[in-house]
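A quick write-up on the structure given underneath.
Just so you know, these numbers come straight off a predicted model, no measurement behind them. Positions are given from 1, in the same order as the sequence printed here.
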Amino acid sequence: MNLGLIGLGKMGNNMRERLRKGGIDVVGYDSNPAVSDVADLAALAAALPTPRIVWVMVPSGAITDSVITELAGVLEDGDLIIDGGNSRFTEDFKHAEQLAPQGISFVDAGVSGGIWGLVNGYGLMVGGKQEDVERAMPIFDVLRPEGPRAEGFVHVGEVGAGHYAKMVHNGIEYALMQAYAEGYELLDTKKDIIKDVTGTFKAWQRGTVVRSWLLELLVKALEEDPEFDDIEGYVDDSGEGRWTIEEAIENAVPVPTISASIFARFVSRQKDSPAMKAVAALRNQFGGHAVKKVD
């Protein structure tokens with residue numbers, strides 16, 4: 001089976017390697033010629049037998065829009081585009097509608113697995129027509145983890161459903177990471193009692209109800225840098241957490257834990273939080289509580 005893959009960054013390059021190891025003939029394109037198999041998208045289309053399948057793995061937003069628009073000019077009736085980036089689900093509706101008049105099908109794929117996907121496989125959440133998903137199933141089967149298909153792949157629904165599921169997945173991920181992080185800080189603060197913070201987390205990896213792959217990654221990070229001395233406490237967000245909260249508001253679904261986790265990330269970007277300054281000032285005003293003066 002043949003596949004065109006656009007975007008050969010950390011995830012895309014690993015995906016190309018995993019696909020090739022699994023017997024998929026991949027032609028990759030990237031703006032970096034050092035890793036690209038072809039010079040441009042026209043050459044990518046020419047290198048693929050028809051009907052073509054092209055997987056787009058680039059940053060969401062304007063870059064994805066640009067790539068899909070350019071692909072529409074070099075692909076033809078019967079071809080299939082899969083957007084595996086972190087696009088917002090509403091963008092999928094637009095892209096499917098844009099491609100439909102030319103007879104080009106569209107599938108959206110939420111992909112989880114990060115840099116570990118090459119070895120472990122990628123969790124896949126897919127949206128699109130049944131016939132389009134079935135057509136690409138050999139590709140999905142190579143990318144997903146070993147084991148039962150239902151434990152690493154799901155055809156969630158029509159176009160947009162895959163990215164919607166991935167959005168919620170990432171919102172949950174935000175909350176889980178925040179919970180582990182807060183637990184770490186509390187344990188690390190109580191060093192008069194807790195003598196082995198890393199060992200505590202490591203002991204939770206088997207048998208406990210909080211065991212997970214995220215916990216394993218936290219243990220790995222702690223073993224490499226127990227006090228996180230080499231890491232600045234600045235946490236970015238890629239968008240899905242915000243979109244999850246916006247959808248929750250739109251549908252009147254309470255998501256207080258996910259909301260708190262995204263707001264905690266915003267706090268991480270403030271060297272001296274204005275809100276916390278206001279709280280300190282108010283405590284001083286109503287209760288005479290001491291405030292720490294700036295040096």
Check your understanding: Which pair of non-hydrogen atoms, one from Tyr184 and one from Pro226, has the smallest distance, and what is that distance?
Key -> OH-O, 3.4 Å
Review point. For Trp116, does the CH2 atom have more than 12 heavy-atom neighbours from other residues, nucleotides or ligands under 6.0 Å away?
Key: no
Check your understanding: Asn2 side chain to Pro49 main-chain N or O, any donor-acceptor pair under 3.5 Å?
Key -> no
Review point. Just by distance, do the side chain of Ser66 and the backbone of Ile63 share a donor-acceptor pair under 3.5 Å?
Key: no
Exercise for review: Please check if the side chain of Thr244 supplies one atom and the backbone of Glu240 the other of a donor-acceptor pair under 3.5 Å.
Suggested key: yes
Check your understanding: Checking salt bridge (charged side-chain N to carboxylate O under 4.0 Å, His left out) for the pair Glu224/Lys220: CA distance, chi angles, key distance, verdict?
Key -> CA-CA 6 Å; Glu224 293 172 357; Lys220 182 177 183 296; 2.6 Å; yes
Exercise for review: Could you tell me whether Glu131 atom CD has more than 12 heavy atoms of other residues or ligands within 6.0 Å of it?
Suggested key: yes
Review point. Below 4.5 Å, heavy atoms only, C-beta onward: do Gln98 and Phe106 meet side chain to side chain?
Key: no
Point to revise | salt bridge (Lys or Arg N to Asp or Glu O under 4.0 Å) partners for Glu223, two or more places apart | key: Lys202
Study note, to complete from the structure: Scanning both residues in full, the closest heavy-atom pair of Ser36 with Asp30 reads OG-N, 3.1 Å
Review point. Mind checking whether Arg135 and Pro51 have side chains closer than 4.5 Å, heavy atoms only?
Key: yes
Study note, to complete from the structure: Scanning both residues in full, the closest heavy-atom pair of Gly207 with Arg211 reads C-NH1, 3.5 Å
Check your understanding: How many angstroms lie between atom CD1 of Ile68 and atom NE2 of His95, to the nearest 0.5 angstrom?
Key -> 4.0 Å
Point to revise | Student check: side-chain heavy atoms of Met1 and Ile53 closer than 4.5 Å | key: yes
Study note, to complete from the structure: In this structure, CG of Asp40 is separated from OG of Ser31 (nearest 0.5 Å) by 12.5 Å
Check your understanding: Got Val111 and Trp55 here, is their nearest side-chain heavy-atom distance under 4.5 Å?
Key -> yes
Revision key, fill the gap. Of all heavy-atom pairs linking Gly171 and Ile258, the shortest is O-CG1, 3.5 Å
Practice item. Would you please test Asp108 and Lys166 for salt bridge (charged side-chain N to carboxylate O under 4.0 Å, His left out) and show each step? Key: CA-CA 10 Å; Asp108 58 289; Lys166 178 58 163 45; over 6 Å; no
Point to revise | Inter-residue atom distance Leu71.CG - Ile104.CD1, 0.5 Å rounding | key: 8.0 Å
Check your understanding: Is the number of heavy atoms from other residues, nucleotides or ligands within 6.0 Å of CD (Glu97) greater than 12?
Key -> no
Exercise for review: Check salt bridge (Lys or Arg N to Asp or Glu O under 4.0 Å) between Asp37 and all other residues, then give those that pass, not counting sequence neighbours.
Suggested key: Arg16, Arg20
Check your understanding: Do Asp188 and Lys191 come close enough that some side-chain heavy atom pair is under 4.5 Å?
Key -> yes
Check your understanding: Under 3.5 Å, side chain of Arg52 to main-chain N/O of Leu75, donor-acceptor pair present?
Key -> no
Practice item. Taking Ser261 for its side chain and Gln178 for its backbone only, find out whether a donor-acceptor pair lies under 3.5 Å. Key: no
Practice item. Take atom CD of Glu232 as the centre, draw a 6.0 Å sphere, and report whether it contains more than 12 heavy atoms from other residues, nucleotides or ligands. Key: no
Review point. Is the side chain of Asn251 donor-acceptor paired with the backbone N or O of Val253 at a distance under 3.5 Å, no angle test?
Key: no
Check your understanding: For the residue pair Tyr180 and Phe201, what are the closest heavy atoms and their distance?
Key -> O-CZ, 3.9 Å
